[in-house]
Amino acid sequence: MKHIEERLKRLILGALKDAYGISVDAVHIETPADKRHGDYATNIAMTLAKRLQSNPRDIAANIKAALADEGMFDAIDIAGPGFINFYLDKTLYYDTLRDILKKRESFGDGEDKGVHINLEYVSANPTGILHVGHARGAAAGDSLARLLRKAGYKVTREFYVNDGGNQIMNLARSVEARYFELFGEEKPFPEDGYRGGEIIDIAKTMRERYGDRFLHEDGIDSFREESVAELLKGLKRDLDAFGVTFDVFYSEKSLYETGAVEETREALKAKGYTYEKEGALFLRTTAFGDEKDRVIVKSDGTYTYLLPDIAYHREKLSRGFDALIDILGADHHGYVPRLQAALEMFTEERRLEVLILQLVKVLQNGEEVKMSKRSGRTITLRDLIEEVGSDAIRYFFARHSLNTHMDLDLDLAIKQTNENPVYYAQYAHARIRSVFEKADNEGYAYTDDIDTFEHLDDERVHDLLAALGAYPSLIEHAAATRSFHRITQFIHRLAQKLHAFYSHIVILDENVRARSEKLLLLEAVRIVLKDALNLIGVSAPEKM
RNA sequence: GUUCCGGUAGCUCAGGGGAUAGAGCAAUGGCCUUCUAAGCCAUCGGUCGGGGGUUCGAAUCCCUCCCGGAACGCCA
């Protein structure tokens, strides 16, 4: 079935041509929040008021008169300042129902966009374990990846592993110092070293594997490699428990090994975008809108982090992606212009989209908890998952847009577990399953061999079907605007309508036919609810 | 000082330039002999930070001021 909205747009365009002989670029169709304003509404008459030198309500009346409505609507009203409200013929609701039952979880899938997106998120340094601050990026990236795929984009989920810079050496020295400590030996702890408990754990692992060997010989390479490997393993395990996975873990170190970093430096030089000053190599990022030029090779000959980052993004482009999306924390926003500038030295148009994620303020005992890996005092993602649960946290993050400055009150999050809105949605799913279980166990026979619906003429049914019917265009819009939180809003709306339906209508009707129709409706709701929950990484339980 | 976010109900937050600004939590009052009460129904709650402007129409766009967060390194 062609989306109703598409059909409606064509009708309106046709009416405009007939009534006024004009065409417009876009017809805005909305699904009014207030159902008294119909199933669909358009403001087209108001937007044309100026162009047609006429008042919106008259224009609306002319459009209405010219509409060849094909029997799609029960009624078309002109309301308010000039809205045209469309009240769908009820049989079209049943089209939605049939459509969902046929397509199941592929209902709402966008058409193949033929666009391959590389989506990079989290990319936490392997110098500690994930804390609450990382959780938001992980939840956002994963949800967005799922949403984009649903909408018809091909998506590669990528994690950039910073295993090549100074901080890794800092990490290795930190572990080394802890290792010496385990043997009661003195070794100065790095000034800016990592003090998390996991650093001590790794030192213990090193002691198990190598004994006291590195007290006598230089083990810094081993400390570095083993530490990164151990921490990365931990990151993956925590992310996995959070339902967040990646297709590619890309090593920064490999960029050095393949010569990609040097190659990028030379390419920038060759293009004439670099100059030397005070012994350092500067990149002329101001030529592309940055506020000042940036150093890429320091006067001591080492690289700043910008150069490998440019090399990395070039490498991503060379893998054939049509678009790159990075999700970065707000603390890195100032970095964006220089990276964009550098990449535009290589590409005609801007290919990198950067989504900035505002930082989460974590409160405990009424006080802000500062996250710092170096201090080692953190609230870890792992603890949070254990105490609050992955679903509740995922739902919490998925409710908020990227640029919301969020307060996460841990006491509240933990204490109010049962009042978390995630359960409202999950409960709706479990309820549906339980009705089926009851039907199966207690001999309420039903059939799914139904193509017409005669017992579903109820306002609450229409509310449910209207909500379900909006799913495909919601997916499109949410994906296009990268706003996965709209999915969460949809989930809540759908659950709300399901609960209302459930509370007022007996599903296991005495009449087999009526019972079957209602069960099919429930099944359709369940399919879409589960699919939407899946998009934000939340489970759909069979029982609660 | 500059740049980027944000300021909407007691709290946490939604609000594709449109209709009477909405949810959750909190508060109040009803609803379990029948499919899960983690639910339903109802009520309470707002000078959309202030002031200008654009528009038929502004929480939304523009300007300006105030408040909060973040960033302004040859750190990552």
Side-chain angles (χ1 to χ4, degrees), chain A residues 28-30 32-34 36-37 41-43 46-47 49-50 55-56 79-83 85 125 127 162 165-168 170 192 252 277-282 291-292 294-306 308-309 329-337 356-359 361 396 399-409 412-413 416-428 430-439 442 444 477-478 480-481 483 485-486 488-489 492-493 495-496 498-509 515 518-519 522 543-544:
Chain A
H28 177 78
I29 306 277
E30 60 181 39
D34 187 336
R36 284 173 301 182
H37 297 137
T42 181
N43 62 352
M46 289 177 289
T47 63
K50 181 162 260 177
N55 95 57
F83 286 100
N85 294 335
N125 289 354
T127 53
N162 292 97
N166 308 334
Q167 290 311 315
I168 296 302
N170 190 4
D192 216 8
E252 176 190 4
K277 194 174 98 183
E278 293 158 9
L281 190 67
F282 281 73
E291 53 185 30
K292 53 179 153 181
R294 308 291 172 173
V295 171
I296 53 174
V297 183
K298 292 182 257 180
S299 48
D300 66 2
T302 62
Y303 300 144
T304 64
Y305 57 96
L306 180 58
D309 256 19
D331 52 339
H332 288 89
H333 89 268
Y335 179 60
V336 178
I356 295 297
L357 188 68
Q358 294 303 317
L359 272 28
K361 186 199 269 185
F396 175 77
R399 287 175 77 193
H400 303 103
S401 78
L402 287 168
N403 41 17
T404 303
H405 296 249
M406 292 189 328
D407 285 358
L408 173 60
D409 187 327
L412 228 60
Q416 299 190 339
T417 287
N418 277 343
E419 286 152 32
N420 191 300
V422 71
Y423 297 101
Y424 184 79
Q426 292 185 314
Y427 187 52
R431 265 187 152 172
I432 294 173
R433 287 303 305 146
S434 86
V435 178
F436 276 94
E437 195 180 309
K438 169 120 182 165
E442 301 187 12
Y444 290 93
H477 185 260
T481 55
S483 39
H485 68 283
R486 288 181 187 282
T488 316
Q489 292 171 4
H492 187 263
R493 272 198 307 277
Q496 206 164 42
L498 183 276
H499 285 308
F501 172 80
Y502 182 94
S503 302
H504 292 93
I505 291 174
V506 176
I507 296 151
L508 297 179
D509 201 291
R515 189 198 302 155
K518 289 176 195 170
L519 283 169
L522 284 199
K543 264 190 173 51
M544 281 176 76

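Reminder, nothing fancy here: chain letters follow the sequence lines and each chain counts from 1. Note that the structure is predicted; figures quoted are calculated from it, not measured.
Among the protein residues, A:H499 comes within range of the sugar-phosphate backbone only, with heavy atoms under 4.0 Å from sugar or phosphate atoms but none that close to a base. Note on A:D331: only backbone sugar-phosphate atoms sit closer than 4.0 angstrom, heavy atoms only; bases stay farther off. No contact: A:N55 has no heavy atom under 4.0 Å from any strand. Residue-level contact check: A:H333 touches the bases, meaning some heavy atom is under 4.0 Å from a base atom. Nucleic acid contact class of A:D309 (heavy atoms, under 4.0 Å, all strands): none. In this structure, A:A280 reaches the bases: a heavy-atom distance under 4.0 Å links it to at least one base atom across the strands shown. The residue A:A439 sits apart from the nucleic acid: no heavy atom pair falls under 4.0 Å. Counting non-hydrogen atoms under 4.0 angstrom, A:H37 reaches a base of the nucleic acid. No engagement by A:R493 is indicated, since no non-hydrogen atom pair under 4.0 Å with the nucleic acid exists. At the heavy-atom level, A:I168 lies nowhere under 4.0 Å from the strands shown. Among the heavy atoms of the strands, none lies under 4.0 Å from A:A428. Note on A:R36: a base of the nucleic acid sits closer than 4.0 angstrom, heavy atoms only.
Under the 4.5 Å side-chain criterion, counting only non-hydrogen atoms from C-beta, A:T42 is not in contact with A:E30. In this structure, the side chains of A:Y335 and A:D309 come closer than 4.5 Å at one or more pairs of heavy atoms. Between A:K438 and A:L508, the closest side-chain pair of non-hydrogen atoms falls below 4.5 Å.
Residue A:Y424 has a polar side-chain atom (N or O) positioned under 4.0 Å from OP1 or OP2 of B:C40. For B:G24, the OP1/OP2 oxygens have a side-chain nitrogen or oxygen of A:Q496 closer than 4.0 Å. A sub-4.0 Å separation between OP1 or OP2 of B:A76 and a side-chain N or O of A:N125 is absent. Phosphate proximity of B:A38 to A:R431: absent, as no side-chain N or O sits under 4.0 Å from OP1 or OP2. Phosphate contact (OP1/OP2 of B:U12, side-chain N/O of A:K361, threshold under 4.0 Å): absent. For B:U36, the OP1/OP2 oxygens have a side-chain nitrogen or oxygen of A:S434 closer than 4.0 Å.
Checked against the 6.0 Å centroid threshold, A:Y424 and A:H492 count as a close aromatic pair.
Because its glycosidic torsion is more than 90° from 0, B:G57 is reported here as anti. Nucleotide B:C61 is shown with an anti base, its glycosidic torsion being more than 90° from 0.
The nearest heavy atom of RNA chain B to A:F501 and to A:H504 marks one nucleotide each, and the one closer to the 5' end goes with A:F501. Mapped onto RNA chain B by nearest heavy atom, A:L402 and A:T47 fall at different nucleotides, with A:L402 at the one closer to the 5' end.
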### Query
Should A:Y502 and A:I432 be marked as a side-chain contact (heavy atoms from CB on, under 4.5 Å) after you check the CA-CA gap, both sets of side-chain angles, and the distance that decides it?
CA-CA 9 Å; A:Y502 182 94; A:I432 294 173; over 6 Å; no
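Atom CZ in A:R294 sits about 13 Å away from atom P in B:A76, given to the nearest Å. Nucleotide B:G15 holds its C1' atom 12 Å from the CD atom of A:E30, rounded to whole Å. Atom OH in A:Y335 sits about 21 Å away from atom C1' in B:U2, given to the nearest Å.
No donor-acceptor contact under 3.5 Å links the side chain of A:Y427 to the base of B:A38. With hydrogens and angles ignored, no donor-acceptor pair under 3.5 angstrom links the side chain of A:N403 to the base of B:G6.
With rounding to the nearest 0.5 angstrom, the CG atom of A:L402 is 9.5 Å from the CD1 atom of A:I356.
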